[in-house]
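Comments concern the structure below.
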Amino acid sequence: MKKQFLFLIILITCSIFAQAQIAPENHSIILKPIFGTHINNDQGHLFQDQITGFDAAYFKDISQHSDKWIGFSGAKSYGIGFIFRDLSKLKGTKDTSANAFGQVYGLVAQMDFQLFKIGKAKFNFTPGVGLGYTNKYYFNNTKNRFLGSPVNETIKADLGMELPMSQYADLLVGFGFLHVSNGGATVPNGGLNTGNVYIGLKLNNQKALTAERKSTYTTLQRNSIELSAGLGARGVFANRNKSLYKSGLYAGYNFYLNDVMSLKAGADAVYYYTVYDPNNANDTFQNYGTSYDRWRTGLSIGADINLWRVTVAAQIGKYIHYNRLMDKATWYWTFGPTFNITPHLGLQAKTYMHFAQADYVNWGVVYRF
């Protein structure tokens with residue numbers, strides 16, 4: 001496994017260098033060893049689990065582009081990253097899940113934002129989202145109750161300092177977070193949250209651009225009405241062959257602030273294709289999302305963050321109708337990205353949440369007018 005991983009890192013690094021040679025814009029290559037732990041507050045061994053790994057990324061610089069959203073947000077660059085984490089030493093939670101995890105390999109789309117600068121030191125925030133593969137999950141190792149599928153959504157974020165060492169190399173140090181989960185597509189799926197520290201290198205080819213660069217795409221620069229509809233599914237416990245489908249609907253109003261941010265308020269509705277049956281609880285139970293009725297509805301408020309063609313939305317809502325099994329589930333929240341085909345039309349992956357648990361991911365379309 002170690003030889004295969006080393007070969008994969010070399011292959012990806014060579015590929016990144018090959019792309020860098022023909023890239024018409026400024027670019028950078030990032031290489032970071034990772035040392036981390038499982039974030040787990042109730043077991044008394046939060047900092048005893050050992051996680052090692054590696055991040056490699058290729059970024060294109062956009063800091064010299066004239067788009068308004070770049071100036072508003074402090075965006076510096078965007079790119080794609082490869083992640084590796086060895087989770088084999090995790091102690092698990094309360095029961096037999098100790099040492100039931102394997103390795104995670106993933107690809108994430110990332111964007112780098114400069115928060116502030118002190119002298120030559122730059123302090124950056126780098127979020128990313130993508131897909132990851134793990135070789136140990138519930139259905140091939142039932143001790144692992146936290147990852148229910150081999151392919152999972154992967155969300156990461158780094159907060160760190162960038163310190164120039166020369167014209168072509170910067171030192172990177174900081175903290176990172178990684179979340180791995182399938183959004184309830186198969187169950188059980190508690191998900192994993194890990195934290196890490198890193199120290200690495202950023203290799204640059206920085207030079208001044210001779211011509212102004214600007215994207216041809218702009219956001220919808222006004223208040224708008226938003227409609228969305230989609231379809232998704234939550235898994236049945238310990239059953240890979242059955243899913244419980246739902247459709248999510250939304251209608252709301254967006255208050256335009258600037259090219260980066262809009263505030264929003266609206267109404268949510270979720271339609272259940274399968275409702276809870278006490279006589280068939282195993283196949284119809286959906287945890288906090290368990291409903292006796294076909295519909296649940298609520299009102300929500302939140303915000304959109306617009307980053308070129310990608311809009312990241314988050315809202316929190318209060319149910320006005322939900323004939324639920326779990327009494328505590330009176331509030332909900334949603335988040336997820338939309339890829340904007342045009343300023344009016346987009347493709348969306350919206351996760352419905354109760355507390356820290358994903359209900360399901362609603363895959364759909366968004367229309368603004």
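As the structure is a computational prediction, the values presented were derived from the model and not from experiment.
For Ala75 against Met111, the heavy-atom pair with the smallest separation is CB-SD, 4.4 Å. Contact between Thr290 and Thr284 at its shortest, heavy atoms only, is CG2-O, 4.4 Å. A pairwise comparison of heavy atoms in Gly248 and Asn362 identifies N-OD1, 2.9 Å as the closest pair. Asn141 and Ala100 get closest at one heavy-atom pair: ND2-O, 3.6 Å. When all heavy atoms are compared, the tightest approach of Pro33 to Leu31 is CD-O, 4.2 Å. Residues Ser88 and Gln103 come closest through the heavy atom pair CB-NE2, 4.1 Å.
Within 6.0 Å of atom OH in Tyr292, more than 12 heavy atoms from other residues, nucleotides or ligands are found, so the atom counts as buried in its surroundings. Summarising the local packing, CD1 of Ile301 is surrounded by 12 or fewer heavy atoms from other residues, nucleotides or ligands at distances under 6.0 Å.
Looking at Ser77 and Asp61, their side chains never bring a donor and an acceptor atom within 3.5 Å of each other. For the 3.5 Å distance criterion, the side chains of Arg234 and Asn287 fail to qualify, holding no donor opposite an acceptor. In this model, a donor atom of one side chain and an acceptor atom of the other lie less than 3.5 Å apart for Ser300 and Asp268. Tyr250 and Gln315 share a donor-acceptor pair across their side chains, judged by distance under 3.5 Å alone. Residues Asp112 and Thr126 bring a donor and an acceptor atom of their side chains to less than 3.5 Å of each other. The closest side-chain donor-acceptor pair between Thr330 and Tyr322, if any, does not fall under 3.5 angstrom. With 3.5 Å as the limit, one finds a donor-acceptor pair spanning the side chains of Thr186 and Asn182. A side-chain N or O of Ser181 and one of Asn189 form a donor-acceptor pair less than 3.5 Å apart.
The distance between the ring centers of Phe54 and Phe84 does not fall below 6.0 angstrom. The aromatic ring centres of Phe369 and Tyr367 sit less than 6.0 Å apart.
Partner of Tyr332 under the ring pair (Phe, Tyr, Trp, His ring centres under 6.0 Å) criterion, out of Tyr319, Tyr288, Tyr352: Tyr319 alone. No option in Glu162, Gln114, Lys117, Lys202 other than Glu162 meets the side-chain hydrogen bond (donor to acceptor under 3.5 Å, both in side chains) test with Asn124.
Atom CD1 of residue Ile30 and atom CG of residue Leu172 lie 5.5 Å apart, to the nearest 0.5 angstrom. Rounded to the nearest 0.5 angstrom, Arg294 CZ and Asn323 CG are separated by 13.0 Å. Atom CG of Asn26 is separated from atom CZ of Phe59 by 14.5 Å, given to the nearest 0.5 angstrom. If you take NZ on Lys264 and CG on Asp304, they are separated by 3.5 Å, rounding to the nearest 0.5 Å. Note: Leu347 CG to Phe339 CZ = 8.0 Å, rounded to the nearest 0.5 Å.
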Discussion item. Please determine whether side chain to side chain contact (heavy atoms under 4.5 Å, CB included) holds for the pair Trp295 and Leu249, giving the CA-CA distance in whole Å, both sets of side-chain angles, and the decisive distance to 0.1 Å.
Written reply: CA-CA 11 Å; Trp295 289 97; Leu249 307 172; 3.9 Å; yes

Worksheet item: Is there a side chain to side chain contact (heavy atoms under 4.5 Å, CB included) between Leu147 and Leu192 once you walk through the steps?
Response: CA-CA 7 Å; Leu147 299 178; Leu192 278 179; 4.0 Å; yes

Fill in: Evaluation steps, side chain to side chain contact (heavy atoms under 4.5 Å, CB included), between Val180 and Arg85
CA-CA 11 Å; Val180 181; Arg85 299 290 187 273; over 6 Å; no

Worksheet entry | Steps toward side chain to side chain contact (heavy atoms under 4.5 Å, CB included) verdict (Lys76, Lys122) | CA-CA 11 Å; Lys76 295 172 49 187; Lys122 302 174 184 177; 4.2 Å; yes

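Using a cut-off of 4.0 Å between Lys/Arg side-chain N and Asp/Glu carboxylate O, Lys246 and Asp359 are scored as salt-bridged.
Residues Val270 and Leu325 do not share a hydrophobic cluster, defined by chaining ILVMFWY side chains whose heavy atoms lie under 4.5 Å apart. Put simply, Phe125 and Ile118 are part of the same group of oily side chains (I, L, V, M, F, W, Y) that touch within less than 4.5 Å, one to the next.
By the 30° and 60° cut-offs, the orientation of the rings of Phe123 relative to Phe116 is parallel.
Figure legend: Arg222 and Tyr256 shown without cation-pi pairing, the cationic atom not lying both under 6.0 angstrom from the six-membered ring centre and within 45 degrees of its axis.
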